[in-house]
2 protein chains.
Amino acid sequence: MLERIRIVLIGTSHPGNIGGTARAMHNMGLEDLALVAPRCEPITADTVSRASGADALVHNARTVDNLEDAVGDCTLVVGASARSRNLPWPMVTPRELGERLPTELASPQGRVALVFGREDSGLTNTEMQRCHAHVHIPTNPDFSSLNLAAAVQVLAYECRLACQAESPEMQEPDAAPLASHEELEHYFAHLERTLIDIGFHDPDMPRQLMARLRRFTLRAHPERMELNILRGILSATQRQVEHRQDE
Amino acid sequence: MLERIRIVLIGTSHPGNIGGTARAMHNMGLEDLALVAPRCEPITADTVSRASGADALVHNARTVDNLEDAVGDCTLVVGASARSRNLPWPMVTPRELGERLPTELASPQGRVALVFGREDSGLTNTEMQRCHAHVHIPTNPDFSSLNLAAAVQVLAYECRLACQAESPEMQEPDAAPLASHEELEHYFAHLERTLIDIGFHDPDMPRQLMARLRRFTLRAHPERMELNILRGILSATQRQVEHRQDE
């Protein structure tokens with residue numbers, strides 16, 4: 001199961017943190033690292049020193065330009081976040097995240113991304129809203145900013161515990177395929193177009209409408225077939241608008 | 001409770017690891033650090049850099065010559081150990097350690113020490129046998145050596161969780177009102193009418209459509225405000241159909 005958990009670092013500034021992340025991952029049996037628009041040279045002497053033998057993970061890491069390219073194939077995308085800001089998002093503790101993994105990874109196409117933001121500023125609101133849930137590591141409220149590799153360490157530790165606890169015979173063989181991140185994004189784009197078509201949504205006055213609909217939908221963790229039904233409804237709605245314009 | 005948990009580092013070689021330990025401790029609300037015969041200058045630029053604002057813990061740390069002087073007042077001394085060697089010792093997992101803390105610290109004179117060995121060689125057999133129990137952080141058997149500050153991070157995290165669980169659970173302060181059963185049923189009725197209107201649903205050939213949409217929606221456990229948005233979308237959709245029929 002651990003091989004289908006990806007660590008995604010966005011805009012990392014310090015090579016030492018990339019090395020420390022690689023070490024923490026490899027210690028816990030995670031191997032899949034993706035770097036999104038790093039703000040430093042990923043492989044330096046600092047990286048190798050902090051990786052302490054795990055620098056192969058950095059050499060094998062995919063480097064991409066944006067979050068979408070790093071998580072398109074994932075069925076669950078979880079952002080590590082200090083706390084939810086204006087719009088509360090589905091929030092899990094690290095332990096709850098671990099408890100969810102066996103179910104999430106029961107289907108062979110299940111794939112989980114854990115997303116970590118910049119050392120100085122974390123994830124942007126847009127990035128946070130691309131995540132299906134947020135995970136918050138409990139901290140001292142007076143000193144809450146964890147080192148990046150330390151945050152990876154805690155979540156990777158919970159992943160390892162969860163996967164150790166899971167015995168193979170407990171897996172559900174016939175779990176319905178879940179929608180991938182990419183399929184979800186296509187759905188949200190289709191939904192937004194349709195809401196504009198029917199005059200319900202004005203992109204110039206968004207009033208958090210799409211964010212709220214995202215949050216609601218992602219909380220339900222849709223199966224691929226459910227998403228197909230929802231897109232069918234959107235297409236039928238759009239046909240109403242088109243017919244009306246034709247008449 | 002956390003103030004009565006002490007982190008003890010024996011023979012540390014790298015000031016950066018002392019700084020990283022201080023940061024991990026302070027992040028989790030631990031403040032009591034003791035250094036036993038450090039093999040480096042404890043406070044350097046590396047310490048301060050890795051401590052990232054928590055270097056007061058290093059300034060306040062007691063430095064002593066041997067383990068006995070660091071843990072004499074403790075009621076439970078637990079050594080972090082890769083694995084028990086020739087002589088099997090009482091062994092706990094990090095989680096079991098956490099579970100034990102509330103009992104251990106229930107008495108006001110209860111005090112716990114978590115002891116970490118040298119970066120290169122860990123604890124000596126003599127030191128291990130001074131410990132009341134050993135704690136082993138589960139790791140990848142092919143790459144088991146954790147960074148010192150990362151090991152402190154994992155155990156400090158378990159301490160924080162254990163102590164949080166003891167205090168009254170923090171409630172979400174501004175949980176949004178959830179939709180009632182009745183509101184949900186009104187929504188489903190409205191949804192079904194709309195799907196019939198747009199020609200997507202034929203009640204004579206239901207094909208489990210409404211059951212699937214119910215299951216999806218209920219899984220998300222909708223808030224009242226979300227349901228209002230969804231009903232607004234349905235009304236806007238119905239207006240399209242009505243306009244078309246009027247024209």
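Numbered from 1 within each chain, the chains take letters A, B, ... in sequence-line order. Worth saying up front: this structure is predicted, and the values here are computed from it rather than measured.
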Let me know if [X] has heavy atoms under 4.5 Å from chain A in its side chain, its backbone, both or neither.
| X | answer |
| --- | --- |
| B:Tyr157 | side chain |
| B:Ser235 | neither |
| B:Gln240 | both |
| B:Ala54 | both |
| B:Thr237 | both |
| B:Arg239 | neither |
| B:Arg23 | both |
| B:Ala151 | neither |
| B:Leu209 | side chain |
| B:Glu119 | neither |

Under-4.0 Å salt bridge between B:Glu223 and A:Arg212: no
4.5 Å side-chain heavy-atom contact, A:Pro138 and B:Leu161: yes
Spacing of B:Glu226 atom CD and A:Leu213 atom CG [to the nearest 0.5 Å]: 8.5 Å
Interatomic spacing from CG in B:Asn27 to CZ in A:Phe143 - rounded to 0.5 Å: 5.0 Å
